[in-house]
Amino acid sequence: MLEPALRLQETTMTDQPTFKSEFLQVMQARDYIHQITHPAELDEAGVNGVVTAYIGFDATASSLHVGSLIQIMMLRRLQQAGGKPIVVMGGGTTKVGDPSDKDTQRPLLTEAQIQANISSIKTVFEKFLTFGDGPTDAIIVDNAEWLDKLGYVQFLRDYGVHFTINRMLAFDSVKLRLDREQPLTFLEFNYMLMQATDFLELNRRYGCTLQMGGSDQWGNILNGVELIRRVDQKPAFGLTTPLLSTASGAKMGKTASGAVWLNADLLSPYDYWQFWRNTEDADVGRFLRKFTDLPMDEIARLEALPGAEINDAKKVLADECTRMLHGAAAAKAAAGAAKAAFEEGKLSADLPTFEVPKADLAAGIALAALATDVGLASSRGEARRLAQGGGLRVNDAAITDGARMVTEADLVDGVVKLAAGKKKIVLVKPV
């Protein structure tokens with residue numbers, strides 16, 4: 001059984017070890033490493049051969065959001081350093097739901113919903129990884145391949161025997177929910193066993209020796225590392241990255257208008273470019289390190305730009321991130337649309353467009369309601385406050401009354417230009 005007596009060697013970035021393998025050198029230089037088990041052993045494995053590593057992605061929506069981008073970039077760094085990435089789609093684990101960092105149980109999805117989400121999510125990984133049959137080519141697997149075949153009694157006998165309730169209750173994903181007196185279903189309680197089973201299965205099928213993830217996955221990752229080392233007596237390692245938040249403490253990937261999705265059908269390349277362009281000054285350097293392939297000396301130069309010149313670094317960040325996800329043409333179009341709108345006062349077809357029924361615009365739509373609908377504010381109350389402070393504009397004219405009606409009379413060249421602050425513009429088009 002897995003007991004606390006099995007103490008894993010781990011290090012954090014505060015220890016600053018000196019690594020020999022290219023992979024860990026890059027991970028350390030770009031500030032990815034938060035916790036790592038058996039650092040010397042993993043480093044040696046990276047020097048002497050191909051390290052195969054995986055990260056799991058549950059299919060809870062039709063797209064990942066930018067909060068998952070750091071995980072994708074970790075797989076990219078691995079492949080760039082000569083390792084083999086495995087993307088594990090959670091066709092099985094999504095049916096249960098990971099309780100980590102959650103206050104309530106995730107809504108349970110149907111099999112059809114999960115498979116549709118997987119099909120949609122898969123397309124993003126091709127932008128960041130090279131797939132194929134080579135020794136360092138990435139592969140995508142679905143953990144439903146083995147989890148769906150496990151009988152309950154078989155699962156308990158083969159894997160449950162290696163875990164104690166005492167230890168499972170000590171993990172943060174469980175302990176925090178119980179401390180807050182929030183219900184944790186037995187279904188969710190099994191998630192950590194299922195994730196450990198994933199690692200063991202991947203080790204047996206593909207020689208996978210490393211699981212990576214966010215620091216909220218540390219307990220789950222340890223379970224898999226210990227299970228492989230105890231049951232099969234084989235090397236296994238875990239590595240986590242810090243959970244990302246902005247310099248002001250906001251959660252990475254969330255904005256007032258909602259999640260920053262990676263799929264273009266949910267968030268336009270222009271809006272994605274704008275998300276990175278609006279990065280806080282203090283975050284520019286670390287975001288350049290983590291989310292772009294720019295050389296470290298160039299990143300150092302950009303993050304050291306004084307005063308207002310830091311905006312040039314933000315544009316580089318936006319260009320590089322958008323190019324990597326949506327392609328060079330989309331990045332160029334987004335940058336051009338932003339320049340035309342904000343620096344030259346012109347409209348561009350690449351600006352985000354929100355369509356409204358002609359009849360609604362003929363009757364008139366309250367500015368606060370319209371601003372909320374198009375994503376310039378998270379609520380009508382916020383939109384009204386924004387207007388009162390002079391932050392809402394219709395066709396470049398500040399409107400301080402959130403109840404002011406936007407009508408056909410506001411159309412200019414067939415659209416109404418709505419703006420919030422200096423960085424958000426949406427064109428409203430009647431259809």
Side-chain angles (χ1 to χ4, degrees), residues 61-63 65-66 250 253-261 263-280 311 314-315 318 322 326 330-331 333-431:
S62 62
S63 171
H65 60 70
V66 77
K254 297 290 185 181
T255 67
S257 55
V260 181
W261 300 107
N263 284 32
D265 59 333
L266 294 182
L267 187 78
S268 71
Y270 174 84
D271 285 329
Y272 190 73
W273 190 93
Q274 279 293 336
F275 167 77
W276 294 106
R277 169 63 181 83
N278 294 336
T279 294
E280 296 178 33
N311 288 318
K314 295 180 184 181
K315 292 175 184 177
T322 306
H326 295 297
K339 182 178 180 180
F342 298 110
E343 298 177 21
E344 300 170 3
K346 300 176 182 178
L347 297 183
S348 167
D350 292 299
L351 287 170
T353 301
F354 184 86
E355 296 180 342
V356 299
K358 288 182 179 180
D360 290 353
L361 196 61
I365 307 172
L367 176 58
L370 187 57
T372 304
D373 291 343
V374 303
L376 295 180
S378 59
S379 67
R380 296 187 182 189
E382 180 186 331
R384 285 191 291 268
R385 291 190 293 273
L386 190 60
Q388 290 170 359
L392 276 184
R393 299 189 305 282
V394 176
N395 295 329
D396 296 321
I399 307 296
T400 58
D401 181 7
R404 192 266 211 194
M405 303 302 286
V406 179
T407 70
E408 290 177 326
D410 294 303
L411 290 172
V412 176
D413 295 330
V415 296
V416 180
K417 179 182 177 184
L418 291 187
K422 298 180 179 179
K423 299 178 181 179
K424 295 182 180 179
I425 296 178
V426 176
L427 304 182
V428 178
K429 181 179 179 180
V431 292

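For the numbers below, each heavy atom of this structure counts, side chains included, while hydrogens, waters and symmetry mates do not.
- Every side chain to side chain donor-acceptor pair (under 3.5 Å) that Glu280 has, sequence neighbours left out, goes to Thr246, Ser248.
- The minimum heavy-atom distance linking Gln274 with Ala338 is given by the pair NE2-CB, 3.6 Å.
- In this structure, Lys315 NZ and Thr279 OG1 are separated by 13.5 Å, a value rounded to the nearest 0.5 Å.
- Using a 4.5 Å heavy-atom threshold, the side chains of Val416 and Val394 count as touching.
- Among residues two or more places apart in sequence or in another chain, the side chain to side chain donor-acceptor pair (under 3.5 Å) test is passed with Asp401 by none.
- Considering every non-hydrogen atom in both Leu266 and Ser63, the closest pair reads CD1-CB, 3.6 Å.
- For Arg404, the side chain to side chain donor-acceptor pair (under 3.5 Å) partners at least two apart in sequence or on another chain are Asp410.
- Atoms CG and OG, on Asn263 and Ser62 in that order, are 6.5 Å from each other to the nearest 0.5 Å.
- In this structure, CD1 in Ile425 is found 5.0 Å from OH in Tyr270, a value given to the nearest 0.5 Å.
- The line from CG of Leu392 to CG of Leu386 is 4.0 Å long, rounded to the nearest 0.5 Å.
- Rounded to the nearest 0.5 Å, atoms CG (Asp271) and OG1 (Thr322) are 10.5 Å apart.
- Contact detail for Ala334 and Trp273: the closest heavy-atom pair is CB-CB, 3.6 Å.
- Contact of the Leu427 side chain with the Lys417 side chain is registered, since non-hydrogen atoms from C-beta on lie closer than 4.5 Å.
- The line from OG of Ser268 to NE2 of His326 is 7.5 Å long, rounded to the nearest 0.5 Å.
- Across Gly402 and Arg384, no two heavy atoms sit closer than the pair CA-CG, 4.3 Å.
- Here the shortest heavy-atom pairing between Tyr272 and Trp261 reads CD1-O, 4.1 Å.
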Output side-chain donor-acceptor pairs under 3.5 Å for residues 354-376, partner residues at least two apart or in another chain, one line each.
{"residue": "Thr372", "atom": "OG1", "partner": "Ala368", "partner atom": "O", "Å": "2.8"}
{"residue": "Thr372", "atom": "OG1", "partner": "Ser379", "partner atom": "O", "Å": "3.2"}
{"residue": "Thr372", "atom": "OG1", "partner": "Arg380", "partner atom": "N", "Å": "3.3"}

